[in-house]
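Computed from a predicted model, the values in this text were never measured in an experiment. Naming: A, B, ... by sequence-line order, numbering from 1 per chain. We use all heavy atoms of the structure for the numbers below, so side chains are in, but hydrogens, waters and symmetry mates are not.
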2 protein chains.
Amino acid sequence: MKPTSSELNILTVLWTDGPSTVRHVNDQLNKQRRVGYTNTLKMMQLMHEKGLLIRDESSRSHVYSSAIEPESVKRDMVTQMVDSVFEGSTSDLLMHALGNYKPSKDEIEEIRKMIDRLEENE
Amino acid sequence: MKPTSSELNILTVLWTDGPSTVRHVNDQLNKQRRVGYTNTLKMMQLMHEKGLLIRDESSRSHVYSSAIEPESVKRDMVTQMVDSVFEGSTSDLLMHALGNYKPSKDEIEEIRKMIDRLEENE
DNA sequence: ATTTTACTACGAAATATTTCGTAAATTAAC
DNA sequence: GTTAATTTACGAAATATTTCGTAGTAAAAT
């Protein structure tokens, strides 16, 4: 699954706030940039048709929720990025991500643990 | 700089093979997927207008090269990805990248070194 | 010199993505 | 019950991206 930029904005709201009306999603989006209500509505209707969103029509204000898990989207986007930009090299991506990153001590420890775990699985 | 998908394909060829004619780029692209010559030509002309490519017109077959460094594009794309998908958390991206990754011992060592270097800079 | 080949220029078509306007329907307010 | 407010439906416009067809031009081959 490779959502477009606008779709991703909507998904992020739903992942964060849970099932929501168009009104709520639109309000959240407008904290970042101006976007019209019918615009958001149309996007969410299209996403519903695509199977990206689930819609509960039982009440007048339809309640939408994400049909896909954030983990799966994140995984796919990392994979796609590695393939398209880093020529298949995950370690190259890691190098770049680490390159312009100032992690806290805690985060560094977390990363170390992750690597230790990887090493054990050989 | 946030090149589109097609633009990225062309840039990758130029980064790998250096300054090239449209013919060469098109040949390389066709190893992956069918794409017409004029299609590639048009893309590269547009990219030239945008300032994404440099064009040497001295010989009949124009020779194009990338106007931007791969490092800078990679950096920008990682940043953009962190912002749009991982809500600003680089370590979240790292976790996902490490998550579905089976690195070799050498690569693990390389990553360790990178982390050690980060820790020193505190 | 004539024909063939390869390339660029140009415009437009095709597709995908995003945005908007208007009408119809339902609920809420008065 | 009428009016006002909110929501969805629908269609279309606007924009961005990708693909293609044709014509003109220069070089190469014969």
Side-chain angles (χ1 to χ4, degrees), chain A residues 1-14 17 19-65 68 73 76-77 80-81 84-85, chain B residues 1-14 17 19-65 68 73 76-77 80-81 84-85:
Chain A
M1 190 52 41
K2 191 178 142 262
T4 65
S5 169
S6 289
E7 288 173 344
L8 200 54
N9 290 334
I10 290 171
L11 285 173
T12 300
V13 172
L14 294 176
D17 296 358
S20 310
T21 61
V22 174
R23 172 64 56 196
H24 175 77
V25 172
N26 187 247
D27 286 349
Q28 295 301 310
L29 293 180
N30 271 281
K31 290 179 178 175
Q32 300 180 330
R33 66 186 182 113
R34 198 197 86 77
V35 50
Y37 177 84
T38 50
N39 184 342
T40 304
L41 171 65
K42 187 61 172 183
M43 283 298 305
M44 291 175 73
Q45 286 172 338
L46 291 174
M47 289 169 75
H48 176 242
E49 283 176 25
K50 280 193 199 176
L52 240 53
L53 300 186
I54 294 165
R55 179 164 65 184
D56 176 357
E57 308 181 3
S58 63
S59 57
R60 175 157 138 67
S61 297
H62 298 177
V63 176
Y64 291 82
S65 47
I68 52 183
V73 171
D76 289 354
M77 297 208 53
Q80 187 227 327
M81 177 134 190
S84 69
V85 191
Chain B
M1 189 52 43
K2 188 176 143 271
T4 65
S5 168
S6 289
E7 288 173 345
L8 200 53
N9 290 334
I10 290 171
L11 286 172
T12 300
V13 171
L14 293 175
D17 296 357
S20 309
T21 61
V22 174
R23 171 64 56 196
H24 175 78
V25 172
N26 187 248
D27 286 348
Q28 295 300 310
L29 293 181
N30 271 281
K31 290 180 179 175
Q32 300 180 328
R33 63 182 186 118
R34 198 197 87 77
V35 51
Y37 177 85
T38 49
N39 183 340
T40 303
L41 171 65
K42 188 61 172 186
M43 283 299 305
M44 292 175 74
Q45 286 172 338
L46 290 174
M47 290 170 75
H48 176 241
E49 283 176 25
K50 280 193 199 175
L52 241 52
L53 300 185
I54 294 165
R55 179 164 63 186
D56 176 357
E57 308 182 3
S58 62
S59 57
R60 175 155 139 68
S61 298
H62 298 176
V63 175
Y64 291 82
S65 46
I68 53 184
V73 172
D76 289 354
M77 298 209 54
Q80 187 228 325
M81 177 130 190
S84 68
V85 191

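Nucleotide D:dT22 holds its C1' atom 13 Å from the NZ atom of B:K42, rounded to whole Å. Per the geometry, CG belonging to A:D56 stands 15 Å off C1' belonging to D:dT7, to the nearest Å. A:M44 places its CE atom 9 Å from the P atom of D:dT8, with the value rounded to the nearest Å.
In this structure, A:S5 reaches the sugar-phosphate backbone alone: every heavy-atom distance under 4.0 Å involves primed, P, OP1 or OP2 atoms, never a base. As judged by a 4.0 angstrom heavy-atom cut-off over every strand, A:T4 is placed among residues touching the sugar-phosphate backbone only.
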*asked:* With side-chain contact (heavy atoms from CB on, under 4.5 Å) as the criterion, how do B:H62 and B:M44 come out once you've worked through the C-alpha distance, each side chain's angles and the decisive distance to 0.1 Å?
replied: CA-CA 11 Å; B:H62 298 176; B:M44 292 175 74; over 6 Å; no
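Smallest separation of non-hydrogen atoms from A:P3 and A:V73: CG-CG1, 4.1 Å. In plain terms, the two heavy atoms of B:L8 and B:M77 that are nearest each other are CD2-SD, 4.2 Å.
Mapping heavy-atom proximity under 4.0 Å, the span of DNA chain C touched by chain A runs 5' to 3' from C:dT17 to C:dT27.
Here B:R60 does not reach the OP1 or OP2 of D:dT25: none of its side-chain N or O atoms lies under 4.0 Å away. Taking only side-chain nitrogens and oxygens, A:Q45 never comes nearer than 4.0 Å to OP1 or OP2 of D:dT8.
In this structure, A:M43 and A:N39 have side chains that are in contact, with non-hydrogen atoms separated by less than 4.5 Å. Within the 4.5 Å cutoff, no side-chain heavy atoms of B:V22 are placed close to those of B:Q45. Side-chain contact between A:L11 and A:L53 is present, with at least one heavy-atom pair separated by less than 4.5 Å.
Here D:dA9 is the nucleotide among D:dA27, D:dT7, D:dA9 with the atom lying nearest to any side-chain atom of A:R55.
Comparing B:V22 and A:K50, the nucleotide of DNA chain C nearest to each residue sits closer to the 5' end for B:V22.
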